Each structure stands twice: as structure tokens, then as C-alpha cells.
Amino acid sequence: MQNTVEEGKTIAIVSHLSIIGTIIAIVMNGDKKNAFASFHIRQTLGIFLLFFALGYPVGLFDDWMISSSLYIFIFILWAYSFVSALQGQMNLIPLLGNFFQKFFKNII
């Protein structure tokens with residue numbers, strides 16, 4: 001397992017950089033599937049898609065407190081996942097991690 005973590009750590013970190021980084025990580029993990037990298041790609045893809053899905057409706061409120069709450073929520077989820085990747089751990093993000101793992105299982 002430790003060898004799998006070390007091999008997939010770079011891909012897992014790249015997936016956290018941006019939505020473009022997530023797409024690059026999907027391509028990097030395409031040929032030789034790494035369980036650790038796939039786990040973190042699913043987590044970050046879910047976080048970024050959640051941000052885009054909630055960003056527009058939250059923006060309609062035109063209130064800085066509501067918008068700030070979304071940004072803080074997404075940042076906390078992202079930071080938790082990023083630190084988990086840096087430490088070589090496969091920690092599910094709170095609330096939605098299990099859903100993201102199941103939903104993106106067939107894609108990545």
C-alpha cells in the first residue's frame with residue numbers, strides 16, 4: 001500500500017491545483033490506475049464541480065455573506081483533502097466524500 005501511495009502522491013497533489021489540474025491528473029492516471037491518485041481525483045473533481053454547481057445560485061443572492069460562506073466552505077473541503085494528499089492518507093472529506101467516491105467510481 002505504501003508503494004501505491006508514493007507512486008500516486010504527485011498525481012493526487014496535481015489534482016488539487018485547479019479544475020485544469022484535475023483534468024491533467026485524470027489523464028496522468030489513465031494508463032496505470034493508482035488507487036490513491038484515483039481517490040483524490042474523485043474528491044477534488046467533486047469539490048470543484050460542487051463549487052461550480054452552487055456558485056451560480058449563490059451568486060443570485062447578491063450578498064457578500066452568503067457568497068463568502070460558500071467560498072469558506074469550499075476552501076475548507078479543499079484544504080482538508082489537500083492536506084490528506086500531502087500526508088499520504090485517504091481521508092474522505094466531511095459530508096460529501098463518500099458520495100463523490102461512489103458517484104465518480106465509474107469515471108475515474
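All of these numbers come straight from a predicted model, not from anything done at the bench.
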How long is the straight-line distance from CH2 of W78 back to CD of Q43, given to the nearest 0.5 Å?
14.0 Å
Can you tell me how far apart CH2 (W64) and OH (Y71) are? Round to the nearest 0.5 Å.
14.0 Å
Roughly how far apart are I11 CD1 and H40 NE2, rounded to 0.5 Å?
12.0 Å
Do L50 and F52 share a hydrophobic cluster (ILVMFWY, side-chain heavy atoms under 4.5 Å, transitive)?
yes
Under the side-chain contact (heavy atoms from CB on, under 4.5 Å) rule, what do L45 and I19 come out as? Steps first, then yes or no, please.
CA-CA 7 Å; L45 182 61; I19 190 68; 4.2 Å; yes
Flag yes if F82 and I72 sit in one hydrophobic cluster, no otherwise; membership is Ile, Leu, Val, Met, Phe, Trp, Tyr, and two members link when side-chain heavy atoms are under 4.5 Å apart.
no
Enumerate donor-acceptor pairs with a distance under 3.5 Å from any side-chain N or O in residues 84-92 to protein atoms, sequence neighbours excluded.
unit_1	atom_1	unit_2	atom_2	d
S84	OG	Q89	O	2.7
S84	OG	N91	N	3.3
Q89	OE1	N91	ND2	2.9

Could you tabulate the donor-acceptor pairs under 3.5 Å formed by side-chain atoms of residues 99-106, not counting sequence neighbours?
unit_1	atom_1	unit_2	atom_2	d
Q101	OE1	R42	NE	2.7
Q101	OE1	R42	NH2	3.0
Q101	NE2	F39	O	3.0

Contacts of F73 meeting ring pair (Phe, Tyr, Trp, His ring centres under 6.0 Å) (sequence neighbours excluded), chain-then-number -> none
In Å, rounded to the nearest 0.5 Å, how long is the span from OG of S67 to CG of D62?
7.5 Å
Identify whether Y56 and I74 are in the same connected component of the hydrophobic contact network (ILVMFWY, side-chain heavy atoms under 4.5 Å).
no
Whether the side chain of N34 engages the backbone of N29 through a donor-acceptor N/O pair (distance < 3.5 Å, no angle test) should be reported.
no
Check whether I20 and V14 end up in the same hydrophobic cluster, where Ile, Leu, Val, Met, Phe, Trp and Tyr are linked by side-chain heavy atoms less than 4.5 Å apart.
yes
Quick check on K32: does its NZ atom have over 12 non-hydrogen neighbours (other residues, nucleotides or ligands) under 6.0 Å away?
no
Roughly how far apart are N98 CG and I93 CD1, rounded to 0.5 Å?
10.5 Å
Where do M65 and S69 come nearest, in terms of heavy atoms and distance?
O-OG, 2.8 Å
In Å and rounded to the nearest 0.5 Å, what is the CD1 to CD1 distance from I23 to I41?
11.5 Å
Where A12 and F36 come nearest, the two heavy atoms and their spacing
CB-CE2, 3.7 Å
According to a hydrophobic-cluster definition based on side-chain heavy atoms being under 4.5 Å apart (Ile, Leu, Val, Met, Phe, Trp, Tyr only), do I76 and L70 belong together?
no
Measure across S15 and A25 and return the closest heavy-atom pair with its distance rounded to 0.1 Å.
CB-CB, 3.6 Å
Using a 4.5 Å cut-off on heavy atoms from C-beta on, say whether the side chain of L17 contacts that of I24.
no
